[in-house]
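Heads up, the thing below is written out as structure tokens.
Just so it is clear, the structure is predicted and the values come from calculations on it, not from any experiment.
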2 protein chains.
Amino acid sequence: MGPATSKRGRRSPRPSGDDREGAILATAERLLGERSMRDISIDDLARGAGISRPTFYFYFPSKDAVLLALLDGVVQEADAALAAVSADILAADPSRYWRDCIATFHRTFGAHAAVTLACAEVRLTNTEVLELWSRVMDSWNQAVAAAIEGERVRGAAPPGLPARDLAIALNSMNERVLYSSFAHDVPTVAAEDVVDVLHTVWLNAIYQTTDP
Amino acid sequence: MGPATSKRGRRSPRPSGDDREGAILATAERLLGERSMRDISIDDLARGAGISRPTFYFYFPSKDAVLLALLDGVVQEADAALAAVSADILAADPSRYWRDCIATFHRTFGAHAAVTLACAEVRLTNTEVLELWSRVMDSWNQAVAAAIEGERVRGAAPPGLPARDLAIALNSMNERVLYSSFAHDVPTVAAEDVVDVLHTVWLNAIYQTTDP
DNA sequence: CCACGGTATCGACAGGGTGTCGAGTGGGTC
DNA sequence: GACCCACTCGACACCCTGTCGATACCGTGG
């Protein structure tokens, strides 16, 4: 609904105590590297930022709100990195274009694996995190669907599944596989192969042949 | 490690009060249809089964243990349904074989969507649920990998990605897409198309052409 | 220099959920 | 009739969350 950015902080970012907010955020990301969201209490975050528990509520309305702010940052980072992948190379070297997109995704979220994993957990019970995540996924889906349609129009890719459905399926695969990889789940693809595997499935699904 | 079945109940299933256990299970599956695991207290389960909260602990060590028992049942059901899909038709009609597998998966877990969704939530924080889920996924992965290798050996499918990696990627896609479908997530494939979409991507990924 | 208002902070409380302990109760068995 | 054992629950201790009211700090204008 809203345009884009902040509304989530609180009221005015004028005076000091702004570092407190940063300290809470930093503490949260640090602790998420050690243990799960469930095992981090608001008291942990407050102590980590050098304040008391009630004071925490001055900066954030809840524990989930901290994660939401963290996710917001990662998403912005991912959007910026994705924008740096020039769409121009799609026509010249489609394979490389898709690979760059997947690798960028992998790199950005991998750099904040703890936050990513925590969000995947919290979105199941928190509406705001779910909405932000869904909106982001939807924008990927639209972008991928548009790119697939472009490839079909110029004759590089054959017609087939509705582009949107295909985009959703492929992005869902990436989400789940990358999650498993970040979480070091037991039955998963080797970390160094994960981008290659996803890339290959994408090419086969979009171009329906190994070598486009 | 263990062979297969029960160890999870409690001690002896001899006397009555066994219906209590059933009542707790039934109450849990019913309530999961209405609200999330987080919003169901042990007291809710106990009241629903006509017992007090402390008595609940006589039957199950925790709320998660109830879900684990529920998942156990669904998994057994899925295994039975999958076993009914004859592997013989793989050579005769590969497309139909893969479609039957995906559709069976979809039907069985869809019939217990509430339990499936709850498990996806709880496995992120509960080791036992995660282990059971992982073991099940791993057995699918192995079966799919073996089938792919069979298709390659008989020349029906070209060589390519390691069969195991491909199997993991495809099963992961199914897991995520079916989850979104069951959860009625916003950016998802239309419920009636979901099996078709997954099926098509599987065929393209395994046979690398629309028409095997 | 001193009210004054807003920022920032915390002690203390209430509420709700979990898990445990010890004291029952009732039906089968010797 | 004494005894065991499955079964039941009241009451407690604990932890975490969220809120309220009191307070401290600080810049500004009278």
Side-chain angles (χ1 to χ4, degrees), chain A residues 6 8-28 31-32 34-70 118 121-122 124-129, chain B residues 6-28 31-32 34-69 118 121-122 124-129:
Chain A
S6 67
R8 226 174 329 286
R10 58 201 199 291
R11 48 209 120 171
S12 73
R14 234 171 324 140
S16 101
D18 217 27
D19 359 336
R20 298 291 197 192
E21 197 168 316
I24 293 174
L25 256 12
T27 302
L31 291 183
L32 281 175
E34 300 170 5
R35 46 193 206 269
S36 139
M37 201 69 183
R38 277 185 73 121
D39 298 326
I40 298 173
S41 71
I42 288 181
D43 200 57
D44 291 334
L45 297 179
R47 298 282 163 209
I51 56 178
S52 73
R53 203 169 56 77
T55 301
F56 168 91
Y57 288 98
F58 181 81
Y59 293 102
F60 292 96
S62 71
K63 204 167 55 174
D64 287 356
V66 177
L67 190 59
L68 188 64
L70 247 19
E121 179 184 337
V122 167
L124 301 176
T125 53
N126 182 287
T127 310
E128 291 181 294
V129 171
Chain B
S6 66
K7 184 199 65 181
R8 227 177 326 288
R10 60 204 196 288
R11 44 209 124 172
S12 72
R14 235 173 323 142
S16 98
D18 217 27
D19 357 337
R20 299 291 196 193
E21 197 169 315
I24 293 174
L25 257 11
T27 302
L31 290 183
L32 281 175
E34 300 170 5
R35 46 196 206 270
S36 137
M37 200 69 183
R38 276 186 75 119
D39 298 327
I40 298 173
S41 71
I42 288 182
D43 201 58
D44 292 333
L45 297 180
R47 298 280 163 211
I51 55 179
S52 74
R53 202 169 57 77
T55 301
F56 168 93
Y57 288 100
F58 182 80
Y59 293 101
F60 292 95
S62 72
K63 204 166 57 174
D64 287 356
V66 177
L67 189 60
L68 188 64
E121 179 185 337
V122 167
L124 301 176
T125 54
N126 181 288
T127 311
E128 291 181 295
V129 171

Exam field: side chain A:Thr27 to backbone A:Ala23, donor-acceptor pair closer than 3.5 Å: yes
Under 4.0 Å between a Lys/Arg side-chain N and an Asp/Glu carboxylate O for A:Lys63 and A:Asp43? no
For A:Tyr59 and C:dC10, give me the distance from atom OH to atom P, rounded to whole Å. 9 Å
Specify the separation, in whole Å, of atom CZ of B:Arg20 and atom C1' of D:dC7. 9 Å
Does D:dC7 have its OP1 or OP2 closer than 4.0 Å to a side-chain nitrogen or oxygen of B:Thr55? no
Minimum-distance nucleotide to A:Pro54 side chain [options: D:dA11, C:dG11, D:dT8]: C:dG11
Using side-chain heavy atoms (C-beta onward) and a distance below 4.5 Å, is A:Arg38 in contact with A:Glu121? yes
Does OP1 or OP2 of D:dC9 have a side-chain N or O of B:Ser52 closer than 4.0 Å? yes
Roughly how many Å is it from CZ in A:Phe58 to P in C:dT9, rounded to a whole number? 7 Å
Distance below 4.0 Å between A:Tyr57 side-chain N/O and D:dT17 OP1 or OP2: no
Among residues 36-44 of chain A, which residues get a heavy atom nearer than 4.0 Å to DNA chain C? none
Roughly, in whole Å, what's the span from CZ in B:Phe60 to P in C:dT18? 15 Å
Round to a whole Å and report the spacing from NZ of A:Lys63 to P of D:dG18. 8 Å
Can you identify which nucleotide, out of C:dC10, C:dC13, D:dG10, has its nearest atom closest to the A:Ile51 side chain? C:dC10
For a 4.5 angstrom cut-off between non-hydrogen side-chain atoms, does A:Met37 reach A:Asp64? yes
Separation between CG of B:Leu67 and CD1 of B:Ile40, rounded to the nearest 0.5 Å: 9.5 Å
Whole-Å distance separating the CZ atom of A:Arg53 from the P atom of D:dC15: 13 Å
Indicate yes or no for a side-chain donor-acceptor contact from B:Asp19 to the backbone of B:Gly22 under 3.5 Å, with no hydrogens or angles considered. no
Using whole Å, report how far CG of A:Asp64 lies from P of D:dC16. 16 Å
Are the side chains of B:Val66 and B:Phe56 in contact, using a 4.5 Å heavy-atom criterion? yes
Could you state the atom-to-atom distance from CD of A:Glu21 to C1' of C:dT7 in whole Å? 14 Å
